[in-house]
Amino acid sequence: MPATVRTRIAPSPTGAPHLGTAYMALFNLAFARKHGGQFILRIEDTDRQRSSKESEEAIFDALHWTGIEWDEGPDCGGEHGPYRQSERLDLYKQEINRLLEKGHAYRCFCTPERLNELRAKQMANKETPRYDGHCLSLSPEESAKRAKSEPFVVRMKIPESGECTFTDELRGDVSIDWTQIDHQVIRKTDGFPTYHLANVVDDHYMGISHVIRGEEWISSTPKHVLLYQYLEWEVPVFAHLPLLRNPDKSKLSKRKNPTGIFYFRDAGYLPEALINYLGMMGYTLPDQREIFSINELSESFDLKRISLGGPIFDLAKLKWLNGRYLREQLQPEEVVQRLQTWKANPNFLEKILPLALQRLETFSDFFPLAQFLFSDQPEYDLETLTGKLQSDQPAKLLKIAEWELEKASPWNRHTLSSIFQKIAETEEMKLKQLMPLFFVAMSGAPVSLPLFDALALLGPDLTRMRLRSALTILGESGNGLSKKGLKSLEKDYASRYGNRID
RNA sequence: GUCCCGUUCGUCUAGCCAGGUUAGGACACCGGGUUUUCAUCCCGGCAACAGGGGUUCGAAUCCCCUACGGGACGCCA
């Protein structure tokens, strides 16, 4: 074990903060604490198209909410900063040049078109898609000359034969043939490094001793190991944790499950219960206790106790655990406190009031009207939901809305309004015909507070869940989309609305 | 398709590394009790070592094969 244990979590600020980030963060934190080390937060914003400041802020907020604390990070600083990759470009440039000079990497001038063709051909021949080394033969002089006038990427060289063996703390030795590994791009045309390069450079300069990350990274670990060797750096310890799964065992995804950390906050879960639950996914404390805090987890934490089968995220058990926290871990006055922090506060009520005021005669009208903004999932029956719409219309419309709403950014009244306008136009319906379905799916009643404002308050996570459960209800009653129907709808959607982004 | 990883009740898991347990606990479910209802709480029940070969006196535990599941194969991370 190295003198100082340093672990990190390195989320990329694209989209909503993910439960998986909190999951990985938890074990990284516990391991660092157990060994008296440090836990670092690093923002991996090398994807210029998709990274956003809002998303970065959201990561801080979400992680703070969970109670996970980091010793160094972009917001709190530290001795190994900056902790944002977009602020470390000189460093990557320097290391890329070193690799270039040593002949461990080379410039590639191939066009995306050529690469796509190549990939398609290889796929057709049932080969593993892989760069063919086209630009490998360029002389250093020619390469340097062309670089002055042409766009290029930098790729790392990969041995032509043999295999890479590295040790995973949890699985022992893992061997992968070099022939399976692509000549990975390490510098993009825009001059930014890719994850593979940036994470190795940063982990080295930040003194990361243990790389504890998701299983999805196993197959690219040889690239990382090779980069450490090329750069003549010490290779950190790797530990690949199992991935959280959907009930169908696929990797946890927002199409099938709530995965946004904010969903759990907004749906009324306690952060300590959520974290406790994540802590029991793939892990048990030596004494098998089921209620524990981050500190308690850290005290006895042992990587070797992690079980490798991918755990299925089970909302029912999380709810049970949350209930136990409410009635066993908190004093009643604390629960009142938490309720206020959640939604029972003047700030939230003030946002609702303008929507409800015209509809009030007495105070007692208020909560029944606003009820759906406080509940996890409103209830209604099938007939109320479908209303006057025919056959598979409701399911189609809900699905289209689900896809369209993924594009809603920023999530506000205006955006939401234009999305529904667009759906109405595209479907050649009047907004008036379209809306009842959504009023019911969202609020449980055909009439309710102004929908777009209400959705803005509800947030994307709760909204998505409600759309989805409406679809489930339709499906269970035989009014859902068949597999075939869904497929043709997807195609149809792509042609009329554009590509999905989820 | 190729490569890699995995596999104990429906779900989360203990046990495996250092072979000998009636394979334990929790969620869910079912039944009973307490409670003016409901919930909580208490008691009980259901339910698993993926399959096949070895090694061994003895295999959930060690080895091999098969099956199944998952992940990766981007100028995403």
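Proteins get letters first, then strands, A, B, ... in listed order; numbering begins at 1 in each. Keep in mind the model is a prediction, meaning the values are calculated, not measured.
- When distances are taken from the side chain of A:Lys249 to each of B:G70, B:C76, B:A72, the shortest belongs to B:G70.
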Query - Worked verdict on A:Tyr23 versus A:Met281 for side chain to side chain contact (heavy atoms under 4.5 Å, CB included) - result: CA-CA 9 Å; A:Tyr23 182 54; A:Met281 302 264 79; 3.7 Å; yes

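- Note on A:Arg50: a base of the nucleic acid sits closer than 4.0 angstrom, heavy atoms only.
- Atom C1' of B:C9 sits at a distance of 24 Å from the matching atom of B:C42, rounded to the whole Å.
- Between A:Tyr106 and A:His183, the ring planes lie perpendicular to each other; the angle is over 60°, past the 30° to 60° tilted range.
- Computed from coordinates, the A:Ile176 CD1 to B:U2 C1' distance equals 12 Å when rounded to whole Å.
- Taking atom C1' in both B:A48 and B:A26, one finds a spacing of 15 Å when rounded to whole Å.
- Note that the CG atom of A:Leu243 and the CZ atom of A:Phe313 stand 14.0 Å from one another [nearest 0.5 Å].
- Summarising the geometry, the separation between NZ on A:Lys223 and P on B:C75 is reported as 9 Å, rounded to the nearest angstrom.
- Between A:Arg305 and B:G15, a side-chain N or O to OP1/OP2 separation shorter than 4.0 Å is present.
- In the set B:G6, B:C12, B:G70, the nucleotide with an atom closest to the side chain of A:Leu308 is B:G6.
- As judged by a 4.0 angstrom heavy-atom cut-off over every strand, A:Val174 is placed among residues touching the sugar-phosphate backbone only.
- The interatomic distance linking A:Phe292 (CZ) with B:A14 (C1') rounds to 14 Å, in whole Å.
- Checking B:U13, B:C75, B:G70 against every side-chain atom of A:Ser307, the shortest atom distance belongs to B:U13.
- Nucleotides B:C57 and B:C65 place their C1' atoms 26 Å apart, quoted to the nearest Å.
- When the C1' atom is used for both B:U8 and B:A59, the distance is 14 Å, rounded to whole Å.
- Residue A:Gln288 is in base contact, counting any heavy-atom pair closer than 4.0 Å across all strands shown.
- Separating the P atom of B:U66 from that of B:A18 is a span of 26 Å, rounded to the nearest Å.
- Between A:Leu321 atom CG and B:C12 atom P there is a gap of 16 Å when expressed in whole angstrom units.
- Residue-to-nucleotide contacts include no donor-acceptor pair under 3.5 Å from the side chain of A:Ser12 to the base of B:C76.
- Judged by distance alone, the side chains of A:Asn28 and A:Arg33 never bring a donor and an acceptor atom under 3.5 Å apart.
- Listed by first and then second residue, the side chain to side chain donor-acceptor pair (under 3.5 Å) pairs that reach into residues 58-68 of chain A come to none, sequence neighbours excluded.
- Taking the C1' atom of each, B:A77 and B:U55 are spaced 45 Å apart, rounded to whole Å.
- In this structure, the CD1 atom of A:Ile306 is 14 Å from the P atom of B:G6, given to the nearest Å.
- Contact check, A:Arg171 against B:C4: no side-chain N or O comes under 4.0 Å of OP1 or OP2.
- Side-chain atoms of A:Asn246 come within 3.5 Å of backbone atoms of A:Lys251 as a donor-acceptor pair (strictly under, hydrogens ignored).
- Atom P of B:U21 sits at a distance of 13 Å from the matching atom of B:U61, rounded to the whole Å.
- B:G45 and B:G24 have their P atoms separated by 11 Å, with the value rounded to a whole Å.
- Between the side chains of A:Tyr92 and A:Asp202, a donor-acceptor pair is found at a separation under 3.5 Å.
- For B:G1, the paired base is B:C73 (Watson-Crick or G-U wobble, both distances below 3.5 Å).
- Side-chain to base pairing of A:Gln184 with B:G74: no donor and acceptor N or O lie closer than 3.5 Å to each other.
- In this structure, CZ of A:Phe313 is placed 12 Å from P of B:U13, rounded to the nearest angstrom.
- Comparing A:Ala316 and A:Lys188 along RNA chain B, the residue whose closest nucleotide (by nearest heavy atom) sits nearer the 5' end is A:Ala316.
- Here B:U36 sits opposite no nucleotide as a Watson-Crick or G-U wobble pair (both hydrogen-bonding atom distances under 3.5 Å).
- When distances run from any side-chain atom of A:Asp182 to the nucleotides B:G74, B:C12, B:C4, the shortest one goes to B:G74.
- For A:Ser219, no side-chain nitrogen or oxygen approaches OP1 or OP2 of B:G71 to under 4.0 Å.
- Here A:Cys110 lies in heavy-atom contact (under 4.0 Å) with a base.
- Each of A:Thr46 and A:Gln180 has a nearest nucleotide on RNA chain B; the 5'-most of these lies closest to A:Gln180.
- A:Ser220 comes within 4.0 angstrom of nothing in the nucleic acid, heavy atoms only.
- Counted by atom type alone, A:Arg6 and A:His210 present zero donor-acceptor pairs between their side chains at under 3.5 Å.
- Residue A:Lys317 places no side-chain atom within donor-acceptor reach of the base of B:A28, judged by atom type and a 3.5 Å distance cut-off alone.
- In this structure, A:His240 places its NE2 atom 12 Å from P of B:C5, rounding to the nearest Å.
- The nucleotide B:G6 finds its pairing partner in B:C68, both defining distances of the Watson-Crick or G-U wobble pair being shorter than 3.5 Å.
- Atom OH of A:Tyr283 is separated from atom P of B:U13 by 13 Å (rounded to the nearest Å).
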